[in-house]
Enquirer: 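Could you have a look at this structure, given as structure tokens, before my questions?
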Number of protein chains: 2
Amino acid sequence: MTGLSGEVDAVLDGFQRAIRVEPNFDACPVRGVLDRIGDKWSTLMVLTLALRPHRFGELKRAIPDISQRMLTQTLRDLQRDGYVARRVFPTTPPAVEYSLTDLGRSLMTPLSGLVDWAVRTRGAVEAARVAFDRENV
Amino acid sequence: MTGLSGEVDAVLDGFQRAIRVEPNFDACPVRGVLDRIGDKWSTLMVLTLALRPHRFGELKRAIPDISQRMLTQTLRDLQRDGYVARRVFPTTPPAVEYSLTDLGRSLMTPLSGLVDWAVRTRGAVEAARVAFDRENV
DNA sequence: AGCTCTAGTCTCGAATTGAGACTGCGTCCA
DNA sequence: TGGACGCAGTCTCAATTCGAGACTAGAGCT
């Protein structure tokens, strides 16, 4: 047995069944969802928008090392998947407000579990990295 | 108020504090951990290794659309971070077994929460995509 | 001698990303 | 009246990353 809780086993079973059932592995819809979440900028952006709605420029300042190009593109992708809502105020200069939808907010529960895990394990990960780099010159 | 549970709020607070404290945003250790998890292949590989240990070739067959190059590289990265253990049997032809470490297994709880969420929401995401594509010609 | 098997590495063209210049258009200040 | 500014992008080009597939070592099998 795996030593994991029953809940985890159930999810694993579901995962295994999902990829078995899906003849085209690449088209697995769970992968489609996970790939978006797994994107370098997506989680960061969802986490930032969870604090409060942001305008385009605010997001750029909140995540200083993202390029405008990727900011635009990631926002579009999140919007397309229904996680983020885009509201345009036809003023000059233009104002655009991005906010999480209910679907986007529903991601916060599993995502915060992951962030929490990351915070708890980062020490172990850092130690593992140092050990690995020491052994592999 | 955000409408989220207190637990999520607490994690968000932690996240916000973490990025505030970190002067070099790019070096935030949580991001380092999340970036690895967020990798296109990492989650898939962890999920596969959670089923049972796999040899290199088995992994390649289990995840048919990964290139050898990325398979090697992702496994190295996961090993470096201490999620995966690599065991070499000095036979010919060589045999190498990859398995999850305790640290790697500890990821299964939050990760399965995410997979579960992906399974539950994929219908809504698919609908959002169709609606978006219809509106944007 | 030649073929097979495994776990990689190497090379090269293709796709993705980053840095930053540029746009449109009203407002503010002179 | 005209010049600079702010905002939310788009466009271009260079750098980085990725995928596909050829190639390697060394023992066993025929």
Side-chain angles (χ1 to χ4, degrees), chain A residues 24-27 31-32 34-45 48-49 52-81 84-99 132 135-137, chain B residues 24-28 31-32 34-45 48-49 52-80 84-99 132 135-137:
Chain A
N24 182 359
F25 197 74
D26 194 36
R31 278 186 70 181
L34 244 37
D35 278 357
R36 176 118 341 281
I37 299 313
D39 183 76
K40 179 178 180 184
W41 302 113
S42 294
T43 46
L44 214 46
M45 219 166 287
T48 304
L49 290 178
R52 58 180 171 78
H54 281 67
R55 294 179 51 180
F56 188 87
E58 284 182 311
L59 277 172
K60 211 171 61 150
R61 282 187 293 279
I63 309 174
D65 56 344
I66 193 173
S67 62
Q68 292 199 355
R69 195 183 167 284
M70 288 318 291
L71 181 54
T72 304
Q73 187 174 311
T74 305
L75 284 170
R76 284 270 182 288
D77 289 342
L78 290 173
Q79 187 193 354
R80 186 170 106 100
D81 283 5
V84 161
R86 179 173 180 271
R87 232 179 112 197
V88 181
F89 300 89
T91 58
T92 46
V96 179
E97 189 194 71
Y98 292 93
S99 58
F132 183 91
E135 285 167 23
N136 297 75
V137 186
Chain B
N24 183 359
F25 197 74
D26 194 36
C28 166
R31 278 186 70 180
L34 245 36
D35 278 356
R36 177 117 343 279
I37 298 314
D39 183 75
K40 179 177 180 183
W41 302 113
S42 294
T43 46
L44 214 47
M45 218 166 288
T48 304
L49 289 177
R52 59 181 170 75
H54 281 66
R55 292 178 52 181
F56 188 87
E58 285 183 309
L59 277 172
K60 212 171 59 151
R61 282 186 294 278
I63 309 174
D65 56 342
I66 192 174
S67 63
Q68 291 200 355
R69 195 182 166 282
M70 289 317 290
L71 181 54
T72 304
Q73 186 174 312
T74 305
L75 283 170
R76 283 269 183 289
D77 289 343
L78 290 173
Q79 186 192 355
R80 185 169 105 99
V84 161
R86 179 175 180 271
R87 232 178 112 198
V88 181
F89 300 89
T91 57
T92 46
V96 179
E97 190 195 71
Y98 292 94
S99 57
F132 183 90
E135 284 168 25
N136 298 74
V137 187

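All chains are named by letter (A, B, ...) in the order of the sequence lines, taking the proteins before the strands, and each is independently numbered beginning at 1. If you're wondering where the values come from, they're calculated on a predicted model, not measured in any experiment.
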Enquirer: To the nearest Å, how far apart are B:F56 CZ and C:dC5 C1'?
Expert: 14 Å
Enquirer: With heavy-atom distances below 4.5 Å as the criterion, would you say the side chains of B:H54 and B:I63 are in contact?
Expert: no
Enquirer: Rounding to an integer number of Å, can you tell me how far A:E58 CD sits from D:dG9 P?
Expert: 13 Å
Enquirer: Any side-chain heavy atom of B:L78 sitting closer than 4.5 Å to one from B:L49?
Expert: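 No. Closest side-chain heavy atoms not under 4.5 Å.
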Enquirer: Does B:T74 have any side chain to side chain donor-acceptor pair (under 3.5 Å) partners at least two apart in sequence or in another chain, and if so, which?
Expert: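 So B:T74 forms no side chain to side chain donor-acceptor pair (under 3.5 Å) with any residue.
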Enquirer: Would you say B:M45 and B:L71 make side-chain contact, with heavy atoms under 4.5 Å?
Expert: yes
Enquirer: Which residues pass the side chain to side chain donor-acceptor pair (under 3.5 Å) test with B:R80, not counting sequence neighbours?
Expert: A:D133
Enquirer: Checking A:D39 now: which residues fulfil side chain to side chain donor-acceptor pair (under 3.5 Å) with it, not counting sequence neighbours?
Expert: A:S42
Enquirer: Show me the protein contacts with nucleotides 13-24 of chain D, counting only N or O atoms at under 3.5 Å.
Expert:
{"residue": "D:dG19", "atom": "O6", "partner": "B:R69", "partner atom": "NE", "Å": "3.4"}

Enquirer: Within the distance-only criterion (no hydrogens, no angle test), does the side chain of A:T91 pair as donor or acceptor with the backbone N or O of A:P93 below 3.5 angstrom?
Expert: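 At least one qualifying donor-acceptor pair exists.
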Enquirer: Under 4.5 Å between any side-chain heavy atoms of A:W41 and A:L75, yes or no?
Expert: no
Enquirer: All N/O contacts under 3.5 Å from nucleotides 25-30 of chain D to the protein, with atom names and distances to one decimal?
Expert:
{"residue": "D:dA27", "atom": "O4'", "partner": "B:T92", "partner atom": "OG1", "Å": "3.2"}

Enquirer: Measure the distance from CZ on A:R36 to C1' on C:dT16 and round it to the nearest whole Å.
Expert: 13 Å
Enquirer: Quick one: is A:R86 getting a side-chain N or O under 4.0 Å of the D:dG9 phosphate, OP1 or OP2?
Expert: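 Indeed, a polar side-chain atom of A:R86 lies that close.
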Enquirer: Whole angstroms only, please: what is the CZ-P distance between A:F89 and C:dG26?
Expert: 19 Å
Enquirer: How long is the line joining CG of B:L75 and P of C:dA7, in whole Å?
Expert: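 After rounding, the gap between these two atoms is 11 Å.
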Enquirer: Over how many whole Å does the gap from A:L59 atom CG to D:dG9 atom P extend?
Expert: 10 Å
Enquirer: For the pair made of CD in A:Q79 and C1' in D:dA8, what is the distance, rounded to whole Å?
Expert: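 My rounded result for the distance is 14 Å.
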Enquirer: Within this structure, what is the CG-to-P distance between A:L71 and C:dT17, rounded to whole angstrom?
Expert: 14 Å
Enquirer: Name all residues meeting the side-chain contact (heavy atoms from CB on, under 4.5 Å) criterion together with A:R86; count only those two or more places apart in sequence or in a different chain, and write none if there are none.
Expert: A:R76, A:Q79, A:V88, A:V96, A:Y98
Enquirer: Taking 4.0 Å as the cut-off, does a side-chain nitrogen or oxygen of A:R76 come that near to OP1 or OP2 on D:dT10?
Expert: yes
Enquirer: With a 4.0 Å cut-off on heavy atoms, is A:Y98 in touch with a base, just the backbone sugar-phosphate, or nothing at all?
Expert: sugar-phosphate
